[in-house]
Amino acid sequence: MRAFFLKLAFHLFAALPLPVAHALGAVLGWLFLVIPNKRRRTAEINLELCFPEMSRGGRQRLLRRNMIELGKSVTEIGVLWTRSEKTIRRLVRRVSGKDKLEQALQRGQGLLLAIPHLGAWEMIGLWGSLHHPMTSLYRTPPMSQMGKLMRATRERFSARLVSADNTGIRALYKALERGEMVAILPDQVPSTRSGSVFAPFFGIPASTMVLLSRLAIKTGAPVMFAYAERLPHGRGYHLHFLPASPDINHGGIESSAATVNAMVEKCVRAAPEQYQWVYKRFRVRPAGEKAFY
């Protein structure tokens, strides 16, 4: 029943122009704000942890904007997953750093594209796969029907999704050997301690994946961070591509992971209202440290 209503909502939003979908998303965001819920509480905790220098009023204003952007992130999915290549290209109003992206790919070592949960991160994958072959890991979601839809829509251009296991990781290395792009979401809490280290994020130790760092160190492939800034009034998106510090390819895993988090933080500070603050980024704590959530 839940899957049925999710698919129904998805097809409803997919039929709408982006400005209308974003307007409905803003209404949904206000509901997130005024109705007590766990996601809003998680966002409040995260904002207090990450912006201690900000006044309480300032954080509340940021929370309001963030809930509205969260609503838009829900209602825009139907548009992003179903529109034609022509429409996807039209919705991208501006691309900053495209020249640096092309230069990095011309090195022939492939490219590691780190996509934080900031803005319309699905748009980065779609736009990127319109221009270059791209491989990324895929984990089947709990509802299989939505998983099939998700996979089909993400792979409809030149993207390839591989399983999030050793076979998939080998496929990432092969893609880099071919000089292609590999996309990774760098700000997810790893499912196992063996695949993570603690590295500072907004000054707080955060369980951080090591896959991106291992790929960068072992292959020497250049790393870029990217996010799609959601423009006001449903006008489309401004894509940002930022080269990572070369430190990410050198030294130990811990120092590389710290560079990864520093780059994610840099992106987030550029558009903090569009970050996924409802995610429990700090749920795993160092031994003996009190839980935040």
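- Nearest heavy-atom pair, Ser255 versus His250, reported as atom, atom and distance to 0.1 Å: OG-O, 3.9 Å.
- For Arg39, the CZ atom sits in a loose shell: 12 or fewer heavy atoms of surrounding residues, nucleotides or ligands are nearer than 6.0 Å.
- Here the CD-CG distance, from Glu44 to Asn66, works out to 10.5 Å after rounding to the nearest 0.5 Å.
- Closest approach of Val34 and Pro36 over heavy atoms only: O-CD, 3.5 Å.
- Two residues are said to be in side-chain contact when any heavy atoms from C-beta on lie closer than 4.5 Å; Ile88 and Arg156 meet this criterion.
- Using a 4.5 Å heavy-atom cutoff, the side chains of Arg230 and Lys72 are in contact.
- A 4.5 Å side-chain heavy-atom check between Val95 and His240 finds every atom pair outside the cut-off.
- Formation of a donor-acceptor pair under 3.5 Å by the Ser256 side chain with backbone atoms of Gly252 is not found in this model.
- Pairing each heavy atom of Phe51 with each of Leu62, the nearest pair is CE1-CD2, 4.1 Å.
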Please output the side-chain donor-acceptor pairs of residues 113-127 that fall under 3.5 Å, not counting sequence neighbours, one pair per line with the distance.
unit_1: His117; atom_1: ND1; unit_2: Asp187; atom_2: OD1; d: 2.8
unit_1: Glu122; atom_1: OE1; unit_2: Trp81; atom_2: NE1; d: 3.3
unit_1: Glu122; atom_1: OE1; unit_2: Arg154; atom_2: NE; d: 3.2
unit_1: Glu122; atom_1: OE2; unit_2: Arg154; atom_2: NE; d: 3.3
unit_1: Glu122; atom_1: OE2; unit_2: Arg154; atom_2: NH2; d: 2.5

*asked:* I'd like to know whether Glu273 forms a salt bridge (Lys or Arg N to Asp or Glu O under 4.0 Å) with Arg64, so could you lay out the CA-CA distance, the side-chain angles of the two residues, the decisive distance to 0.1 Å, and finally the verdict.
replied: CA-CA 8 Å; Glu273 70 282 358; Arg64 286 196 295 270; over 6 Å; no
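- Residue-environment remark: CD (Glu48) stays at or below the threshold of 12 foreign heavy atoms within 6.0 Å.
- Side-chain contact between Lys218 and Tyr173 is present, with at least one heavy-atom pair separated by less than 4.5 Å.
- Summarising the geometry of Ala228 relative to Leu239, their closest heavy-atom pair is CB-CD1, 3.9 Å, with the distance given to 0.1 Å.
- His22 NE2 to Ile68 CD1: the interatomic distance, rounded to the nearest 0.5 Å, is 12.5 Å.
- Between Glu155 and Arg160 there is no salt bridge, since none of the side-chain N atoms of the basic residue sits less than 4.0 Å from a carboxylate O of the acidic one.
- Ile77 and Met67 are assigned to two separate hydrophobic clusters, defined by single-linkage of ILVMFWY side chains at heavy-atom distances under 4.5 Å.
- How far CZ of Phe201 is from OG of Ser207: 12.5 Å, rounded to the nearest 0.5 Å.
- Separating the CG atom in Leu49 from the CZ atom in Arg59 is a distance of 9.5 Å, to the nearest 0.5 Å.
- Using a 4.5 Å heavy-atom threshold, the side chains of Met224 and Leu242 count as separate.
- The minimum heavy-atom distance linking Pro200 with Ala258 is given by the pair CD-CB, 4.3 Å.
- The heavy-atom pair separating Thr135 from Ala175 by the smallest distance is OG1-CB, 3.6 Å.
- Considering only heavy atoms from C-beta on, His238 stays 4.5 Å or farther from Arg93 through its side chain.
- Leu172 CG to Thr167 OG1: the interatomic distance, rounded to the nearest 0.5 Å, is 11.0 Å.
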*Start with the C-alpha gap between Thr87 and Ser84, add the side-chain angles, then the distance that decides, and say whether side-chain hydrogen bond (donor to acceptor under 3.5 Å, both in side chains) holds.*
CA-CA 5 Å; Thr87 300; Ser84 66; 3.2 Å; yes
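- Judged as a salt bridge (charged side-chain N to carboxylate O under 4.0 Å, His left out), and not counting sequence neighbours, the contacts of Glu85 are Arg89.
- A donor-acceptor pair under 3.5 Å is formed between the side chain of Arg151 and the backbone N or O of Leu161.
- Under a hydrophobic clustering in which Ile, Leu, Val, Met, Phe, Trp and Tyr are joined whenever their side-chain heavy atoms come within less than 4.5 Å, directly or via other members, Ile253 and Val182 fall into different clusters.
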*Between Thr208 and Asn261, does a side-chain hydrogen bond (donor to acceptor under 3.5 Å, both in side chains) hold up when you go through it step by step?*
CA-CA 8 Å; Thr208 304; Asn261 281 357; 2.8 Å; yes
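- Residues Phe198 and Glu254 are not in side-chain contact: their nearest non-hydrogen atoms beyond the backbone lie 4.5 Å or more apart.
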_Verdict with reasoning, His132 to Ser158, per side-chain hydrogen bond (donor to acceptor under 3.5 Å, both in side chains)_ = CA-CA 7 Å; His132 302 282; Ser158 297; over 6 Å; no
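- Looking only at distances, no side-chain donor or acceptor of Arg40 sits under 3.5 Å from a matching main-chain atom of Val278.
- Because its NZ or CZ atom is not both nearer than 6.0 Å to the ring centre of Phe292 and within 45° of the ring axis, Arg283 does not count as a cation-pi partner of that residue.
- No side-chain heavy atom of Val284 sits less than 4.5 Å from a side-chain heavy atom of Phe282.
- No donor-acceptor pair under 3.5 Å is formed between the side chain of Asn249 and the backbone N or O of Asp247.
- Side-chain contact check for Tyr237 and Glu76: at least one donor-acceptor pair (N or O, by modelled atom type) lies under 3.5 Å.
- Within the model, atoms SG of Cys50 and CZ of Arg269 stand 8.0 Å from one another, a figure rounded to the nearest 0.5 Å.
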